[in-house]
Enquirer: 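Structure below; questions to follow.
Heavy-atom basis, side chains included; hydrogens, waters and symmetry copies ignored. Sequence lines set the chain letters: A, B, ... in the order given, protein chains first and strands last, and positions in each chain run from 1.
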Amino acid sequence: MEMETKYNHKSVEEGKYESWVYSGYFECGHTNAKPFTIVIPPPNVTGKLHLGHAWDTTLQDIMIRYKRMKGFDTLWLPGMDHAGIATQAKVDKKLQESGIDPRSMKREEWLKVAWDWKKEYAENIRSQWAKLGLSLDYRKERFTLDEGLSKAVRKVFVDLYNEGLIYRGTRMINWDPVAKTALSNEEVIYKDIEGSFYHIKYPIVGTEEYLEVATTRPETMFGDNAVAVNPEDKRYQKWIGKNVILPIVNREIPIIADPHADPEKGTGAVKITVNHDPNDYEVGKRHNLEGITCINLDGTMNEVALHYEGMDRFECREKLVEELKEKGYLLSIQNITHNVGHSERTGVPVEPMVSKQWFVKMRPLADKVLGNQKDKKNKVHFLPSRFEKIMNHWMEITYDWCISRQLWWGHQIPAWYKDDEIYVGMEAPKEEGWVQDEDVLDTWFSSALWPFSTLGWPDKTKDFEKYYPTSVLVTGYDIIPFWVNRMTFQGLHFTGQRPFEYCYIHGLIRDKLGRKMSKSLGNGVDPMDVIEEYGADSLRYYLATSTAGGTDLRYEEEKVRSTWNFINKIWNASRFVLLNLEDYQEEMNLKDTDKWILTRYEKTVKDVTKYMDKYEFQNVGSILYKFIWEDFCDEYIEMAKFSLNDSTTKQVLLKVLKGILQMLHPFMPFVTDEIYSRLPNSKENIMVSVYPIYEKSYVFESEEEKVTDSIQFISTFRNVKAEHHIGKDYSVVFQNKEDYSFISKRLKLEGHIVDACEKSIYYPVTYKNYSLYLYDEKEESKEDEEKKQKEIESLKSSIQKRETLLSNENFCKKAPEKLVEEEKKKLELEKKKLAELER
RNA sequence: GGGCGUUUAGCUCAGUUGGUUAGAGCAUCUGCCUUACAAGCAGAGGGUCUGCGGUUCGAGUCCGUAAACGCCCACCA
């Protein structure tokens, strides 16, 4: 079938993915070669993939496709994450919208709904992966709640518990009052918000005086245990040990001395609410204060808050301030901007709460990572390397990880209770009367095991033996604390090895103005829409080559369009080659121009391979773009038009085109497959063809230079001709006996060449050994003379600069000889040109 | 407060270990329908590489310093 005259991404991409999957090309285990493994960062089963996913997965697909063509046994393992809080929130919302109160359901009933949800969204995600062309081995697909992965989770929990690295305890934790669950520190996002600083009068018992206490959270005063002042603070020293009366509540609490009170902040006297503030909790421990809880788990006030019982915490704040004002306790209100922790998932301000939860003791695990990172051979290598610091810093300051979540969607904690006894084990105890912990584990607890749990661990499977540790992990820098760090310590602890050799970090996708893409701004771009308009190949190439590693990417549709143009260029160049391929023969009799393109091609193969091995796709992109568009299309194809009957030309065209397609294939799998399949003798599919290998026997330095010089001369000629607006009436006189046949053909000089010309207006065109005079047939203008003078001036100054440089002894002594020689040559050339101009 | 990143053409970005006249896409200007491609071809204009100081024969690149913007961590009564 003939190729269409324009690249049509829809018809090219149609049906290809299905045939790839069917053919089994994506499956690992075809060879005994060295394995190359990537586990996909499992997307959450909460929605559609966004551009960030498209970027992240494209990078991985490029690595996998490259390594596959390089002969590795590649495994790219797909999977998805149950995403505890996020999914539960979505399922709940859906139920509520249909008039059902999710919490009135039985756990089992609710889970059934959640699994249906999961199924639907997993299908959707798979179809998006297909659109992107990802070469995933679906036989190995995993889900974080799979039986196998659950087993790994239980094993890790039980082992850590037995080693004393998991414990249950009452601590102050971050509480999400909407999701009604505990959170880890990483799930709390601090945001600057406008707030008020309320100055409240706390009367001192037995006096007429009072302490002025400033707080941003007056509603917590029902739980106040004390007022703290700094022991060094002269203003308050006399009151230490006395009591104050809590307004409204009318409860006496002591004035204590504690360094936590900062004399510079607020009034220097700070109310201590042991159960509702992390710092106060520490103060409480130091002073043996019994905490008083005044807020319920759903964010409403409890009975301690007297007549505010049942009221939402923020409404209570408002009403309470009014009451304080009425009763004369409110001294002033100051407007301030302060940082308040919000739940990453529900977005509401978190409530510090004292609660019994499960924790992972982090110190020993983190130390193991820090130790391993000192081992250059076995550490996780970050790309770019600076991101290692982020992980190491986290390991240094990390503290115990709260892993229990009061949710239904997740791995239920493998702990059973009977009276005061606790049993932790892989399975429920056999005796009667044991009740399993209702809570589930933090989603990241199972994600942390992903690189090995997906390969069958803790069983000693063949996959685990062969494909672990994985080769590269690809993710955004925002996920380092949540995931990369935790995979690293769990991997080291349980497998004794790093979970991945390299950790390739990319940035975030932003909109054209540099803003994060978000639902609230409405600036999100659906990758499926982009694929519809420009094709997956355009999107992939754009995403992979537009930015250097680790930096953010501003999405620009114009650039995707420009990539489409590039593919259209490749399409048409291929069309040209294929249209001229009849009578194709297997003999090679290389001309200079063939040697020129082959030399450049080999250099391209060498450089591209170098950068592919370093995963520097931006560099690969620019090298390929330049080679394909400029060298292959603009020059070689144009040259080839003069020798299309030559079998060698055809063969060179084919050889270079084939290599181009192969090097582009990891970036644009669909269109390269389409064109490659049309090439003669392409028996195998491009994705399992052998990646081009640098061949020195096709490098011809002197011929390359010779042809490059003529190309430079051609370009100089066109430049002069265009600069002086010379139309079709002109004559040329060659100044020496070089071979101009090739140049004449490219410039279509035939009919313009004369032996000599009488006209006085002429322009010298000189490049290296080539030199001719260009005569314009129209009259000389003043403008032309000015231009000529300008050129003379700039030549003179350039000559001067070079002479100064060359007369510098240090330069001649210290600079590389080659550079000095080149400078000398250039100087001579310029002098020659100047002489021509001034003749 | 600690750390990191960015700052290069009108816009978005490259620029490998210091070495010709700092590159690309888009945009702009000029001339071309030259049959692979007008979503193209051939040319052109546009940058004191954020400022200052230093090392060097030579600095966008290395060192120091200042600024602007952004991010992370910690603190945040």
Enquirer: Tell me what A:Glu638 touches on the nucleic acid: a base, only sugar-phosphate, or nothing, going by heavy atoms under 4.0 Å.
Expert: base
Enquirer: Measure from CD1 on A:Ile256 to P on B:rA77 and round the result to the nearest Å.
Expert: 17 Å
Enquirer: Can you tell me how far SG of A:Cys812 sits from NZ of A:Lys824, rounded to the nearest 0.5 angstrom?
Expert: 6.0 Å
Enquirer: If we take the C1' atom in both B:rG15 and B:rA74, what is their distance in whole Å?
Expert: 36 Å
Enquirer: Any side-chain N or O of A:Ser715 less than 4.0 Å from the OP1 or OP2 oxygen of B:rG43?
Expert: yes
Enquirer: Mark yes when over 12 heavy atoms from residues, nucleotides or ligands other than A:Glu396 sit less than 6.0 Å from its CD; otherwise mark no.
Expert: yes
Enquirer: Parallel, tilted or perpendicular: which one describes the rings of A:Tyr542 and A:Tyr555, with boundaries at 30° and 60°?
Expert: perpendicular
Enquirer: Please determine whether a side-chain nitrogen or oxygen atom of A:Asn719 lies at a distance below 4.0 Å from atom OP1 or OP2 of B:rA44.
Expert: yes
Enquirer: At under 4.0 Å between heavy atoms, what does A:Lys801 touch on the DNA or RNA strands: base, sugar-phosphate, or nothing?
Expert: nothing
Enquirer: The side chain of A:Asp262 is closest to which nucleotide in this list: B:rA36, B:rA77, B:rG5?
Expert: B:rA77
Enquirer: Knowing that exactly one of A:Thr804, A:Leu806, A:Asn810 qualifies, which makes a side-chain contact (heavy atoms from CB on, under 4.5 Å) with A:Asn808?
Expert: A:Asn810
Enquirer: To the side chain of A:Ile397, which of B:rA74, B:rA44, B:rA36 is closest?
Expert: B:rA74
Enquirer: Dump every N/O contact between nucleotides 39-41 of chain B and the protein below 3.5 Å, one line per pair.
Expert:
from, atom 1, to, atom 2, distance (Å)
B:rA39, N3, A:Asn565, OD1, 3.4
B:rG40, OP1, A:Asn565, ND2, 3.3
B:rG40, O3', A:Lys569, NZ, 3.1
B:rC41, OP1, A:Lys569, NZ, 2.7
B:rC41, OP1, A:Trp629, NE1, 2.6

Enquirer: Distance from A:Ile637 atom CD1 to A:Asn572 atom CG, nearest 0.5 Å?
Expert: 9.5 Å
Enquirer: Classify the angle between the aromatic ring planes of A:Trp55 and A:His506 as parallel (below 30°), tilted (30 to 60°) or perpendicular (above 60°).
Expert: tilted
Enquirer: Take atom C1' in B:rU55 and the same atom in B:rA24, then report the distance between them in whole Å.
Expert: 32 Å
Enquirer: Does the cation-pi check pass for A:Lys569 over A:Tyr7, that is, NZ or CZ under 6.0 Å from the six-membered ring centre and within 45° of its axis?
Expert: no
Enquirer: If the cut-off is 4.0 Å, is A:Lys265 near the phosphate of B:rC75, judged by side-chain N/O to OP1 or OP2?
Expert: no
Enquirer: Using atom P of each nucleotide, how far apart are B:rG46 and B:rC29 to the nearest Å?
Expert: 16 Å
Enquirer: With A:Arg486 as the cation and A:Trp401 as the aromatic partner, state whether NZ or CZ is under 6.0 Å from the six-membered ring centre and within 45° of the axis.
Expert: yes
Enquirer: Write down the distance separating the P atoms in B:rA39 and B:rU34, rounded off to the nearest Å.
Expert: 14 Å
Enquirer: Do A:His9 and A:Asp537 get their side chains close enough for a donor-acceptor pair, meaning under 3.5 Å?
Expert: no
Enquirer: Nearest to the side chain of A:Arg718, heavy atoms from C-beta on, is which of B:rC4, B:rG43, B:rA77?
Expert: B:rG43
Enquirer: Dot-bracket for RNA chain B, 5' to 3', with Watson-Crick and G-U pairs under 3.5 Å, [ ] for crossing pairs and | for other-strand pairs: what is it?
Expert: (((((((..((((.....[...)))).(((((.......))))).....(((((..]....))))))))))))....
Enquirer: A:Ile711 has an atom CD1; how far is it from atom P of B:rG43, in whole Å?
Expert: 11 Å
Enquirer: Please confirm whether A:Lys201 makes a cation-pi placement over A:Tyr329, using NZ or CZ under 6.0 Å from the six-membered ring centre and within 45° of the ring normal.
Expert: no
Enquirer: In terms of side-chain heavy atoms of A:His338, which of B:rU21, B:rA77, B:rG43 is nearest?
Expert: B:rA77
Enquirer: Nearest to the side chain of A:His725, which nucleotide is it out of B:rC57, B:rG5, B:rU30?
Expert: B:rU30
Enquirer: Atom pairs, N/O to N/O, protein against nucleotides 8-15 of chain B, distance under 3.5 Å?
Expert:
from, atom 1, to, atom 2, distance (Å)
B:rU12, OP1, A:Arg554, NH1, 3.4
B:rU12, O4', A:Glu556, OE1, 3.4
B:rU12, O4', A:Glu556, OE2, 3.4
B:rU12, O2', A:Glu556, OE1, 2.8
B:rU12, O2, A:Lys559, NZ, 2.8
B:rC13, OP1, A:Arg554, NE, 3.2
B:rC13, O2', A:Ser546, O, 3.2
B:rA14, OP1, A:Thr547, OG1, 3.4
B:rA14, OP1, A:Ala548, N, 3.3
B:rA14, OP1, A:Thr551, OG1, 3.4
B:rA14, O2', A:Gln618, NE2, 3.1

Enquirer: Using the C1' atom on both, measure B:rU50 against B:rC69 and round to a whole Å.
Expert: 11 Å
